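Data first, discussion second: the structure below is written as structure tokens.
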Amino acid sequence: MSKRVLLRGNEATAEGAIAAGCRFFFGYPITPQNKIPEYMAQHLPEVGGVYLQAESELAAINMVYGAAAAGARVMTSSSSPGISLMQEGLSYIVGAEVPCVVVNMVRGGPGLGNIGPAQSDYWLATRGAGHGDGRCLTYAPYSVQELYDWVGKAFEIAERYRAPVMILADAILAQMMEPCRLRPRAEPPPLDKPWTIGGDSSTRHRNIINSLYVDHDEMEEVNRRIQARYQQAMRDDLYYVESGADDPEILVVAYGISARVCETAVERANQAGVRCRLLRPISLFPFPSARLAEWAAQVRRILVVELSMGQFVEDVRLAVEGRCPVELLNRTGGNVVTPEDVTTKLLDMAAERPGRNE
Amino acid sequence: MREELFMAGTGGQGVLLAGQVLAQAVMEKDLNVSWFPIYSPEVRGGTTTCTLVITDGLLGSPITGHPTTMLLMDGRAVDQHLARIAPQGLAVVNMTLAPRLPSLPDVKIVTIPATDIAITLGSERTANMVMLGAYVALHPVVEIDELAAALDVLLPERHRKYLQLNVRALQAGADAAQQAT
């Protein structure tokens, strides 16, 4: 096994992309993700790649669109306000059916907000990709190692579905350092695919990459094709991890940095005699609704922990469909929930004892 | 074993680097470690903190509401943070810049004249390493020579000439902590 190196989440994300064969990065600076473009600027030239700081997020996402249309492994990264600016381009990328990876290191919002950690772009990520019926397949790593690993998987998923994939993390995961095991850097896959544009009509088929469908039936067909891919992702690229008691009375549901906090809290609550289990979705869209429904029929109560006013909890409630009470513990605006907060809440919930069938 | 170490000071005092040096040394011992910074936008003079969690098992939360240990570089850090140390916690305080301390019956406080020691060694800026040396003397998660090896990895080329000075600061901090307890 390779030696561990101490890396920031941002650095691991950038190196993970390079290791996965990403050779093109277009972006515009914004805290707390600036170490990603900084790392790309320094290291992409080593592997013959292109780093380009665009004049704006709008330009960056459209450069991503162009490189993706040519079949390149390409990514951009930004943080909340910058991701808002990229929504139009993302919608075009969905409509044109080209793959790319977009990293969002979420900061406090709304508006310019602050540079603290937040999870308040959950809807923007899982419902986003701008206007129209498109969405971003969204994955939420929870450690520096997972950022490194998942950005690589994100390229494979994006190419499998010819769709944008969002890696959703936050200011803590972006800036914290942890040991990370690195793989050798892989070569990018060939540019030429049946749908890509290469600019040489004498030697190859001609393709058109576009998101304009004047014919209503044709547009509808594109929409149905895109939705079918999401359904396939629900079957083939759904990821979640569980830990804790096998026969829980309380199920804790959290993703990303909140799941890290909950891991410690669930361990402490179990030590205090409250049987708890943590369900941590890594894929946020597709969402593990069926698994949640199974647990909802068995546990007394569910606790959702998130760093937003209650976005992720809505997906949990949609999956639970009233089978058991779902409570929310949250902080926002750059503030964090601590393991002590979650442990106290779990002990209180266990002591109150109301719940299903009571 | 789970150690939750919180370090706080003022931008420019080297709180983040001291935390990174410890994290690097801990990683080399095949323990798990996280280092998580919070700092204000000022280049110098803002508040700066970092939290390290060190464990021999699953790391879990890199965030803690009540750190088990605090290294506090100045009076502002003491005023802002000491009250939320865990019961029976250990606080190492730079008494050169934090001469007055609140009385906390449940907390072990070790005072080190870190800035004075650093000035004697030749650079006020090594007070961070004096504090780190004091910490590992009190809580031997790594040895001084392991911190020195971590510094060797982390110091950028332009600062390599300060390596020995920093190692002397680590040792001076360890000596001061042993005298203080």
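Below, chain A is the first sequence line, B the second, and so on; all start at residue 1. Predicted model, so just to flag it, every value in this text is computed and none were measured.
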So, the part of B:L31 with a heavy atom under 4.5 Å from chain A: the answer is backbone

Max heavy-atom pairs within cutoff under 4.5 Å with chain B, candidates A:V144, A:T338, A:L6, A:V342, goes to A:L6

The reported gap from CH2 in B:W35 to CE in A:M177 (rounded to nearest 0.5 angstrom) is 6.0 Å

Has the side chain of A:E340 got a donor or acceptor atom that lies under 3.5 Å from a matching backbone atom of B:G65? yes

Okay, B:L59 and chain A: the region with an atom under 4.5 Å from a heavy atom over there is both

Would you indicate whether the side-chain heavy atoms of A:R4 and B:N32 approach each other to under 4.5 Å? yes

Subject >> A:R8 side chain reached by B:Q20 side chain, heavy atoms, under 4.5 Å >> reply: yes

Given A:D341, A:T31, A:V5, the one with more heavy-atom pairs under 4.5 angstrom with chain B than any other is A:V5

Heavy-atom distance under 4.5 Å between the side chains of B:P62 and A:I257, does that happen here?
yes

| message | Do B:I63 and A:R260 make a side-chain contact, defined as non-hydrogen atoms from C-beta onward lying under 4.5 Å apart? | response | no

Answer key: most heavy-atom pairs under 4.5 Å with chain B among A:P179, A:A265, A:S243 is A:P179

Cut-off 4.5 Å, heavy atoms of chain B, and the answer for A:V336 is side chain

Worksheet item: When you look at OH of B:Y39, are more than 12 heavy atoms from neighbouring residues, nucleotides or ligands closer to it than 6.0 Å?
Response: no

Above 12 or not: heavy atoms from other molecules or residues under 6.0 Å from CZ of B:R125? no

Residues 167-175 of chain A vs chain B, non-hydrogen distance cutoff under 4.5 Å, contacting residues -> A:I172, A:Q175

Honestly, the part of A:V266 sitting under 4.5 Å from a heavy atom of chain B is neither

Whatever's closer than 4.5 Å to a heavy atom in chain B on A:E263 counts as side chain

Under a 4.5 Å heavy-atom criterion, the part of residues 22-30 of chain B in contact with chain A comprises B:A23, B:Q24, B:M27, B:E28, B:D30

- Are any side-chain N or O atoms of B:S34 and backbone N or O atoms of A:E178, one a donor and one an acceptor, separated by less than 3.5 Å? no

